[in-house]
Amino acid sequence: VGNAAEKKRVLLACGPGNNGGDGLVAARHLKMFGHDPVVVYPKQGRGQLFANLIAQLKQFSIPVHESIPKGLKFQLQVDSLFGFSFKSERGMKEPFSTIVSSMSASGTPLLSVDVPSGWDVERGDINGVGLVPDAIIHLTAPKACAQFFSGTHFLGGRFIEPEGAIAIKYGLD
């Protein structure tokens with residue numbers, strides 16, 4: 001996010017699945033690090049976990065909107081709309097396609113969580129409608145679509161034992 005001493009307004013676009021849940025958790029952490037997160041959550045996830053995450057955001061006074069608020073400027077955008085379960089054959093429906101278009105057109109730096117929204121997890125942005133982020137933060141390990149992305153890659157999460165079989169097999173550090 002840059003200089004920690006500099007407070008940034010961060011837009012987090014969250015979808016109804018696990019990828020969206022990652023964005024909701026990130027919003028809370030950004031607030032704890034002194035930033036100003038704003039969540040766009042047009043379709044809430046089902047289940048108690050998502051209800052608990054929203055309750056936590058309210059406790060931290062993090063605003064949650066159904067669409068991108070007009071007139072706000074952001075220093076960073078986080079795409080956590082869709083992850084590896086997105087079915088590119090079905091295309092992207094509203095209101096998600098409008099959110100993706102707005103994020104793409106904003107000129108604000110963009111970080112995608114795990115898989116850029118609109119991308120096929122194995123074949124990349126085969127429909128030409130997905131987000132093209134400045135960076136991807138891969139959770140656990142990069143997905144196959146990462147081979148079609150030439151921007152910055154980060155590997156996040158503590159899901160793999162550093163000297164474990166998966167780390168050794170894929171040369172993860």
Side-chain angles (χ1 to χ4, degrees), residues 1-2 4 6-88 90 92-104 106 108-119 121 130-143 145-146 149 152-160:
V1 178
E6 181 183 332
K7 185 175 183 176
K8 296 187 184 306
R9 182 176 291 140
V10 181
L11 173 69
L12 295 104
C14 302
N18 290 337
N19 195 268
D22 294 333
L24 298 174
V25 170
R28 186 180 74 238
H29 285 283
L30 286 165
K31 181 75 170 199
M32 292 172 73
F33 282 112
H35 298 288
D36 185 17
V38 175
V39 172
V40 174
Y41 195 37
K43 181 180 179 189
Q44 294 196 5
R46 295 186 181 137
Q48 192 60 47
L49 171 65
F50 292 99
N52 292 347
L53 292 172
I54 292 298
Q56 289 172 354
L57 296 184
K58 288 179 182 175
Q59 289 173 343
F60 280 88
S61 300
I62 298 171
V64 178
H65 303 273
E66 289 187 8
S67 61
I68 298 175
K70 304 270 190 255
L72 286 183
K73 298 290 183 208
F74 299 95
Q75 286 74 48
L76 178 68
Q77 303 175 104
V78 177
D79 158 37
S80 61
L81 288 170
F82 301 110
F84 59 83
S85 62
F86 179 76
K87 303 294 182 219
S88 59
R90 293 186 210 154
M92 199 175 306
K93 297 179 180 164
E94 288 296 338
F96 301 107
S97 58
T98 295
I99 293 169
V100 165
S101 294
S102 295
M103 292 174 78
S104 292
S106 74
T108 302
L110 175 66
L111 171 71
S112 286
V113 176
D114 226 11
V115 177
S117 289
W119 285 38
V121 70
L131 286 169
V132 180
D134 297 286
I136 299 174
I137 182 165
H138 305 282
L139 301 179
T140 306
K143 309 310 177 269
C145 66
F149 177 69
T152 302
H153 295 264
F154 295 102
L155 185 59
R158 297 179 183 207
F159 308 107
I160 297 176

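All figures in this text were calculated on a predicted structure; none of them were measured in a lab.
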With no hydrogens and no angle check, is any side-chain donor or acceptor of [X] less than 3.5 Å from a backbone partner on [Y]?
| X | Y | result |
| --- | --- | --- |
| Q77 | M103 | yes |
| D22 | S80 | no |
| D36 | V38 | no |
| T108 | L76 | no |
| D79 | P116 | no |

Q: Report yes if some heavy atom in the side chain of S104 is under 4.5 Å from a heavy atom in the side chain of L131; otherwise report no.
A: yes
**Q.** Side-chain touch V40/P69, heavy atoms, less than 4.5 angstrom
**A.** yes
[X] and [Y]: which non-hydrogen atoms are nearest, and at how many Å?
| X | Y | result |
| --- | --- | --- |
| S102 | I68 | CB-CD1, 3.7 Å |
| L72 | R9 | CD2-NH1, 3.5 Å |
| F60 | M32 | CE2-CG, 3.7 Å |
| R28 | L57 | N-CD2, 4.1 Å |
| A27 | V39 | CB-CG2, 3.7 Å |
| P42 | I99 | CG-CD1, 3.7 Å |

Q. Around atom NZ of K31, are there more than 12 heavy atoms of other residues, nucleotides or ligands at under 6.0 Å?
A. yes
Calculate, to the nearest 0.5 Å, the distance between atoms [atom1] and [atom2] belonging to [X] and [Y] respectively.
| X | Y | atom1 | atom2 | answer |
| --- | --- | --- | --- | --- |
| K7 | Q75 | NZ | CD | 10.5 Å |
| D134 | L111 | CG | CG | 8.5 Å |
| S112 | I137 | OG | CD1 | 11.0 Å |
| L53 | Q48 | CG | CD | 10.0 Å |
| L155 | I136 | CG | CD1 | 12.0 Å |
| L12 | L30 | CG | CG | 6.0 Å |

ring-ring contact (aromatic ring centres under 6.0 Å, His included) partners of [X], counting only residues at least two apart:
| X | result |
| --- | --- |
| F96 | F82 |
| F50 | none |
| H153 | H138, F149 |

Q: Evaluate the side chain to side chain contact (heavy atoms under 4.5 Å, CB included) criterion for residues Y41 and I54: first the C-alpha distance (whole Å), next the side-chain angles of each, then the deciding distance (0.1 Å), finally the verdict.
A: CA-CA 10 Å; Y41 195 37; I54 292 298; 3.5 Å; yes
